[in-house]
Amino acid sequence: MADGTHKIRIAISHKGQTRYFVTRFIVPGPEYLHDGQVVGLNNASYINQQLRIRMSKIYAICDRATDIEYYTCSQLVQYIEDAESNAGPKSIHDIGERFLTTRKTAYKEGTLRLYRDAIAYFEMFFGSDYLLQLLTSDGLHRFEQYLKNNRGLSQTTISIKMRNIHTVINYARRQKFVEFDIDPYSDYEDPAPTKRECAITLEELRAIRDVDLSKERAPMLSVSRDLFMLSFYLCGMNLRDLVEQDFRNNHVSFLRIKTESRRKFPTKTEFTIQPEARELLERLTQSGKIFIHHKRSYGALSRILHDNLPRLAKKCGIDTYLIYYSARKTFSQLANQLFIKDSVIEYCIGDTVTQSRKVIGYYIHVTPRMADLAIRKVFDAVASDKSLECLQEEALGGVTEPPKTDEELQ
């Protein structure tokens with residue numbers, strides 16, 4: 001300070017950065033501080049006691065925080081100071097802004113945009129200065145009807161926006177920005193999205209694989225078929241992950257770009273590139289990267305698929321809504337129909353493997369070898385000319401139906 005005295009500050013380090021809480025205590029100079037304690041003053045004992053109390057409160061607030069990994073060091077200091085004074089944001093606008101700021105480094109821009117849009121609609125209906133603490137079940141019902149009747153949104157879009165608002169409200173609760181006397185979700189449930197079936201059957205998958213496109217004037221139709229089948233033969237790999245992969249190795253190892261930042265303990269998916277995929281990669285890659293007619297970007301390939309997959313479905317006589325994501329759904333569904341364990345399927349498609357609540361769930365894990373065996377089982381089924389029913393009987397060792405339980409036998 002200007003007079004040569006020093007205000008005592010409490011340091012906090014987070015994510016490689018250090019910030020400080022300024023306290024009300026002042027010492028004449030640095031010589032009155034030793035090993036984190038105030039010394040040489042008449043009231044040193046009192047000051048040290050008050051500093052310990054303040055630090056205990058800071059530790060307690062940090063221990064209660066469930067979203068601490070999303071904060072920068074400066075944001076963490078702000079969060080702690082808000083919690084100490086109960087002066088955090090209260091309006092939906094301010095809470096929404098705080099939520100978006102803390103998630104900026106964790107969420108992809110597309111995900112942030114979805115949350116930003118949901119908050120904007122909420123503000124349109126309730127007003128930007130609306131205190132979230134006033135929210136009721138009736139208010140949520142009216143907001144849902146507003147999205148449907150006044151904004152003309154589809155059921156799936158409404159479901160996404162209501163779930164995103166729910167996430168923001170849960171965030172506000174965890175941070176103690178809001179407390180409800182009556183839970184607004186006690187008499188309200190987020191609407192379920194309209195289920196659009198986009199998985200195709202085994203026969204339809206074979207039809208796409210085998211259709212003759214050599215006489216088609218549009219070359220992108222054949223390219224779209226190859227990209228779709230490549231995704232299937234890479235266990236439903238998303239397009240964004242596909243364009244980032246280097247396929248010069250004989251195996252893939254990746255974290256899904258879509259979800260990697262949201263996982264607390266990310267684990268890579270690894271499996272061997274099977275011959276079916278390698279044959280397609282020979283046509284679709286250059287120097288190990290996807291490269292088609294001078295196009296390699298996600299946006300360009302996404303537009304090609306969007307324009308051509310519906311035409312491909314029509315040519316193959318497929319009535320199911322065919323999109324690139326259908327390859328992922330179809331791989332998962334077919335693996336499930338062949339009685340492959342859920343945890344192995346989750347691993348193959350790059351999802352977080354669901355951990356069993358049983359004790360054994362903490363001792364076992366899926367390995368790349370297990371994934372390779374499961375993948376080969378699916379691809380061999382596709383390569384055969386057998387029906388799904390026949391393949392299922394073989395998978396059950398020739399038993400046409402599962403064994404009956406004791407209750408069924410009685």
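Because the structure is predicted, anything quoted here is derived from the model rather than measured. The basis for the numbers below is simple: all heavy atoms, side chains too, and nothing from hydrogens, waters or symmetry mates.
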Sub-4.5 Å side-chain heavy-atom contact between [X] and [Y]:
X: F180; Y: I169; result: yes
X: C235; Y: V378; result: no
X: I182; Y: T136; result: no
X: S186; Y: S137; result: yes
X: Y347; Y: E270; result: yes
X: L388; Y: L334; result: yes
X: N170; Y: R174; result: yes
X: F247; Y: L234; result: yes

Return yes if some donor-acceptor pair links the side-chain N/O of [X] with the main-chain N/O of [Y] below 3.5 Å, else return no.
X: T23; Y: I8; value: yes
X: S222; Y: P219; value: no
X: R278; Y: I273; value: no
X: R103; Y: L112; value: no
X: N238; Y: R240; value: no
X: S159; Y: P191; value: yes
X: R283; Y: D226; value: no
X: K377; Y: L338; value: yes
X: H141; Y: D187; value: yes

Ion pair [X]/[Y], N-O distance below 4.0 Å:
X: R206; Y: D210; result: no
X: E244; Y: R256; result: no
X: E216; Y: K315; result: yes

Pairwise distance [atom1]([X]) to [atom2]([Y]) - rounded to 0.5 angstrom:
X: T269; Y: M237; atom1: OG1; atom2: CE; value: 8.5 Å
X: L239; Y: R328; atom1: CG; atom2: CZ; value: 12.5 Å
X: T72; Y: K104; atom1: OG1; atom2: NZ; value: 10.5 Å
X: Q337; Y: S332; atom1: CD; atom2: OG; value: 11.0 Å
X: I345; Y: I375; atom1: CD1; atom2: CD1; value: 11.0 Å
X: Y71; Y: I80; atom1: OH; atom2: CD1; value: 10.0 Å

**Prompt:** Any idea how F126 and F143 line up, ring-wise: parallel (<30°), tilted (30 to 60°), or perpendicular (>60°)?
**Reply:** tilted
**Asked** Do the rings of Y79 and F177 sit parallel, tilted or perpendicular, given the 30° and 60° boundaries?
**Response** perpendicular
Where [X] and [Y] come nearest, the two heavy atoms and their spacing:
X: N48; Y: V38; answer: OD1-N, 2.9 Å
X: R98; Y: P89; answer: NH2-CD, 3.7 Å
X: S253; Y: K268; answer: OG-CD, 3.4 Å
X: N308; Y: I304; answer: ND2-O, 2.8 Å
X: Q245; Y: F254; answer: NE2-CB, 3.0 Å
X: S326; Y: C198; answer: OG-O, 2.7 Å

Verify the neighbour count for atom [atom1] of [X]: are there more than 12 heavy atoms of other residues, nucleotides or ligands below 6.0 Å?
X: K15; atom1: NZ; value: yes
X: E279; atom1: CD; value: no
X: H6; atom1: NE2; value: yes
X: R116; atom1: CZ; value: yes
X: I53; atom1: CD1; value: yes
X: D319; atom1: CG; value: no
X: F291; atom1: CZ; value: yes
X: E109; atom1: CD; value: yes

**Message:** Could you walk me through whether L132 and V168 satisfy the side-chain contact (heavy atoms from CB on, under 4.5 Å) test, starting with their C-alpha distance in whole Å, then the side-chain angles of each, then the deciding distance to 0.1 Å, before giving a yes or no?
**Reply:** CA-CA 10 Å; L132 193 57; V168 174; 5.8 Å; no
**Prompt:** Which residue pairs pass the ring-ring contact (aromatic ring centres under 6.0 Å, His included) test with at least one member in residues 223-243, sequence neighbours excluded?
**Reply:** F232-F331, F232-F379, Y233-F379
**Message:** As a quick check of understanding, evaluate side-chain contact (heavy atoms from CB on, under 4.5 Å) for D183 and R173, giving each step before the final call.
**Reply:** CA-CA 11 Å; D183 185 354; R173 281 170 150 165; 2.5 Å; yes
**Request:** Apply side-chain contact (heavy atoms from CB on, under 4.5 Å) to the pair T157 and L147, showing each step before the final yes or no.
**Result:** CA-CA 9 Å; T157 304; L147 295 177; over 6 Å; no
**Prompt:** Under the side-chain hydrogen bond (donor to acceptor under 3.5 Å, both in side chains) rule, what pairs show up with a residue in residues 142-153, not counting sequence neighbours?
**Reply:** D138-R142, E144-Y188, Q145-N149
**Request:** Please report the C-alpha distance between D241 and V252 in whole Å, then the side-chain angles of each, then the deciding distance to 0.1 Å, and finally whether the side-chain contact (heavy atoms from CB on, under 4.5 Å) criterion is met.
**Result:** CA-CA 11 Å; D241 296 313; V252 293; over 6 Å; no
**Message:** Which residues pass the side-chain contact (heavy atoms from CB on, under 4.5 Å) test with T101, not counting sequence neighbours?
**Reply:** Q75
**Request:** Take K386 and E394, measure what salt bridge (charged side-chain N to carboxylate O under 4.0 Å, His left out) needs, and give me the verdict at the end.
**Result:** CA-CA 10 Å; K386 297 175 182 177; E394 290 181 357; 2.6 Å; yes
